[in-house]
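First comes the structure, then the notes that go with it.
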Amino acid sequence: MKYIWSKKSNTKNKRNSANIILFLRYAYRKGSPWAILLPALIIVNASVGICSVFIPRWILVIIQKNRGAILYIAFSITMIELILFLLKAVGTVLKNNLSIAGDELFRNAYADLGISQSQIRYEESISPSNLELLESARYGIWEIPSLSNKLEKFGSSVVLLVVNCVIIISHDWRYLIIPAVGFLLLVPLYNFVNQIELDNAQRLLPENRAFGWYCKLISDFRTSEDIRINQGEAFITGRCRSLMDKIYAVNQKSFSKKGLYLGIIKFIFQFQIIATAIILGYSFTSNALEIENFVLMFSAISAISSASNEIVTGFNQVKKTGILLSPFFSLQRHEFEIHKPKQSVTRKEIHELKFENISFSYPGSTKRVLDHVSFSISAGEHVGIVGMNGAGKSTIAKLMCRLYTPKEGRILIDGVDITAVPEDEYCNYIAALFQDFQLLPVTLIENVIAKNHKEITKEERSRFLELLRSTNLNQWVSSLALKEDTCISPDLSKDYIIPSGGQAQFLAMLRVVFKDAPVCLFDEPTMALDSDNEKAVMHLMDELNGKICIMISHRLFHMKMMDRIIVLKDGKIVESGSHDALISENGLYKRMYARQALKYEVELS
């Protein structure tokens with residue numbers, strides 16, 4: 001398995017800072033106030049830190065100079081604390097707004113990740129390497145909400161470090177030796193901690209992905225029937241426990257190492273404070289420092305120690321986030337091989353669809369599913385494609401929809417290679433109903449029209465209702481309280497209905513007809529329907545007159561209505577012609593048809 005991170009890339013990855021810059025550009029491109037709020041928060045929090053260094057000295061000086069003026073001292077201290085309170089209040093408001101902006105960027109990034117997946121070739125999108133990259137990108141996106149906090153701490157700590165170094169140098173530069181030594185010791189220790197965290201995330205990526213999938217599976221109502229009736233709970237929870245055991249074992253080992261290094265870091269930090277107090281105490285007792293300067297130096301050195309700790313921590317965390325965001329920006333840059341369109345079909349009508357010497361094998365297999373297949377279909381022609389299981393029928397549908405690219409040959413529409421047509425434009429020319437079609441968890445009408453409820457026009461709604469009246473779904477939809485505006489899933493609405501398999505297939509069929517594309521493709525359109533509804537589907541196909549219509553089906557009785565039938569065997573066309581012509585040839589089609597006819601006769605008897 002090829003991981004996104006390696007030990008070499010963890011320590012010497014030059015693109016980490018580039019990814020953070022890319023994220024800043026991304027935030028700017030999205031119009032987010034994130035990039036403005038972050039420096040404002042850094043300035044405010046740094047000001048609070050600087051004030052905290054000077055406040056003890058200021059209070060001490062005020063008390064020394066105004067020993068008898070209790071009210072003046074109280075008023076002065078109150079004003080100092082009020083200013084500090086106002087700065088902290090402004091910082092809190094900025095932090096809350098920054099958090100909101102970060103959450104918004106997180107949601108935008110998640111949406112853009114989905115969009116980027118839809119813009120690469122389907123065959124690339126389901127490849128193991130892409131699925132791994134996609135999971136890594138999702139993991140990295142979850143770092144976005146916390147990135148602002150990491151950058152804020154890092155930025156304000158840098159400002160504090162510089163200001164306090166100036167304060168100390170103005171008195172005696174030798175006081176910087178202790179925090180400098182501590183800083184040099186902290187850097188490699190935090191690098192080790194960062195390395196452990198990245199390696200831990202790398203090793204557990206497959207297990208976390210699998211664990212999340214099983215948790216989603218057992219809680220999804222769509223699979224609950226099968227899980228319940230087959231008593232699959234024990235199987236799934238057993239898999240989850242096995243994954244959790246492995247995750248726990250890896251975490252225990254890495255957390256033990258991490259705890260050791262963090263303990264050493266804590267010891268160094270505390271040692272700095274103690275050493276600082278001893279040295280400054282010696283300087284004070286030997287009259288090298290006045291009391292107010294002693295307080296200022298102690299506060300400044302302590303602030304430098306804390307800032308150094310935050311800088312090293314923040315730098316490593318930001319570097320880690322840069323590494324984790326790398327897969328997301330890799331997908332955003334579309335590093336997959338995507339065909340760039342060279343030609344464009346500007347017409348809405350398609351007069352001819354042609355398969356020209358098409359051969360195809362699925363990724364990871366050398367077996368040809370299609371072997372030099374050639375045929376053409378003209379506008380207005382309804383063609384059926386039949387064959388035994390594995391003959392290549394559904395593969396033709398997937399190639400036609402550009403889900404896969406042929407290894408040899410071309411698919412042409414009006415003489416233009418479909419790979420040369422912009423994908424958005426090509427999708428306007430074809431409507432398809434697949435065997436494993438999916439309905440979205442939205443309303444009935446939104447599923448068919450494929451538009452947001454508010455964007456559906458009166459004309460579109462009228463056409464939908466007209467199509468609905470021509471099907472057996474009309475009575476069912478009319479009986480619903482919200483009619484066609486009823487949601488078909490409990491995911492997004494309390495008022496929902498779950499359609500049966502046949503009703504769902506009818507809705508998917510309506511989606512194809514409503515799209516009114518010049519090429520219509522049906523892969524097993526009557527698979528979940530009874531005989532009465534099968535007739536209704538065939539009647540609905542009358543709406544497709546004048547279009548290129550392709551039906552793939554195992555039920556050969558529908559083929560009588562087709563103008564032409566293409567028979568596949570082992571990825572090759574073995575017969576082609578009308579139903580009557582193929583019956584007279586005494587070939588594969590006739591044998592398949594005869595077996596089905598005999599089966600139905602037995603059932604009817």
Side-chain angles (χ1 to χ4, degrees), residues 114-127 129-131 134 331 334-365 368-379 383 385 391-438 440 450 508 511-512 514-525 544 547-552 566 568 571:
I115 292 171
S116 68
Q117 285 295 288
S118 69
Q119 292 177 342
I120 66 175
R121 291 202 308 252
Y122 174 79
E123 59 188 305
E124 293 288 354
S125 70
I126 62 174
S127 66
S129 59
N130 178 69
L131 292 175
L134 180 62
L331 289 170
H334 311 302
E335 292 182 349
F336 293 94
E337 181 186 352
I338 303 175
H339 287 294
K340 294 184 179 180
K342 298 177 182 177
Q343 294 176 299
S344 177
V345 178
T346 57
R347 300 182 300 277
K348 271 200 167 181
E349 287 125 11
I350 304 298
H351 299 98
E352 184 187 49
L353 173 69
K354 186 175 183 180
F355 270 55
E356 191 177 81
N357 202 32
I358 293 293
S359 295
F360 178 76
S361 301
Y362 281 101
S365 173
R368 285 192 171 185
V369 184
L370 294 177
D371 190 4
H372 297 94
V373 171
S374 297
F375 63 85
S376 63
I377 306 173
S378 301
V383 174
I385 300 178
K393 304 183 297 298
S394 294
T395 301
I396 286 178
K398 291 174 182 177
L399 292 176
M400 195 179 301
C401 294
R402 283 177 63 173
L403 300 180
Y404 292 93
T405 304
K407 306 301 180 185
E408 297 178 27
R410 300 184 302 167
I411 303 174
L412 308 172
I413 51 172
D414 291 344
V416 178
D417 193 326
I418 64 171
T419 60
V421 181
E423 188 170 354
D424 289 345
E425 183 179 335
Y426 183 74
C427 288
N428 292 327
Y429 298 134
I430 191 164
L433 169 61
F434 299 106
Q435 288 187 54
D436 54 349
F437 68 90
Q438 297 291 322
L440 300 176
R511 187 157 58 193
V512 174
F514 186 90
K515 189 174 181 180
D516 197 28
V519 179
C520 295
L521 172 65
F522 301 92
D523 192 355
E524 300 291 354
L544 306 177
K547 301 179 184 298
I548 294 174
C549 183
I550 301 166
M551 177 182 283
I552 299 170
I566 295 172
L568 292 175

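Computed from a predicted model, the values in this text were never measured in an experiment.
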In Å, rounded to the nearest 0.5 Å, how long is the span from CD of Q435 to CG of D523? 4.0 Å

Pairwise side-chain contact, L412 with D417, heavy-atom cut-off 4.5 Å (strictly under): yes

d(E356 CD, I411 CD1) to nearest 0.5 Å is 10.5 Å

I want to check something: taking the side chain as every heavy atom from C-beta on, are F375 and V383 in contact at a cut-off of under 4.5 Å? no

Look at atom NZ of K515 and say whether more than 12 heavy atoms of other residues, nucleotides or ligands are closer to it than 6.0 Å. yes

If you take all heavy atoms of A397 and I552, which pair is closest and at what distance? CB-CD1, 3.9 Å

Minimal heavy-atom distance between S365 and S361, with the atoms involved, is O-CB, 3.6 Å

Measure across P406 and L399 and return the closest heavy-atom pair with its distance rounded to 0.1 Å. N-CD2, 4.0 Å

Heavy-atom side-chain proximity of L403 to F434 below 4.5 angstrom: yes

Correct closest heavy-atom pair for I350 and A379 would be O-CB, 3.5 Å

With under 30° as parallel and over 60° as perpendicular, where do the rings of Y362 and Y404 fit, or are they tilted in between? perpendicular

Distance from S394 atom OG to D436 atom CG, nearest 0.5 Å? 8.5 Å

Find out whether D371 and S359 are in side-chain contact, i.e. whether some heavy atom of one side chain is under 4.5 Å from a heavy atom of the other. yes

Heavy-atom closest contact (G409 atom, I358 atom, distance): C-CD1, 3.6 Å

Distance col, row T395:OG1 vs L568:CG, nearest 0.5 angstrom, shows 9.5 Å

Nearest 0.5 angstrom please: L433 CG to R511 CZ, how far? 8.0 Å

If I take atom CG from residue L521 and atom CG from residue L353, how far apart are they, to the nearest 0.5 angstrom? 9.5 Å

When every non-hydrogen atom of R402 is compared with those of I418, the smallest separation belongs to NH1-O, 2.6 Å

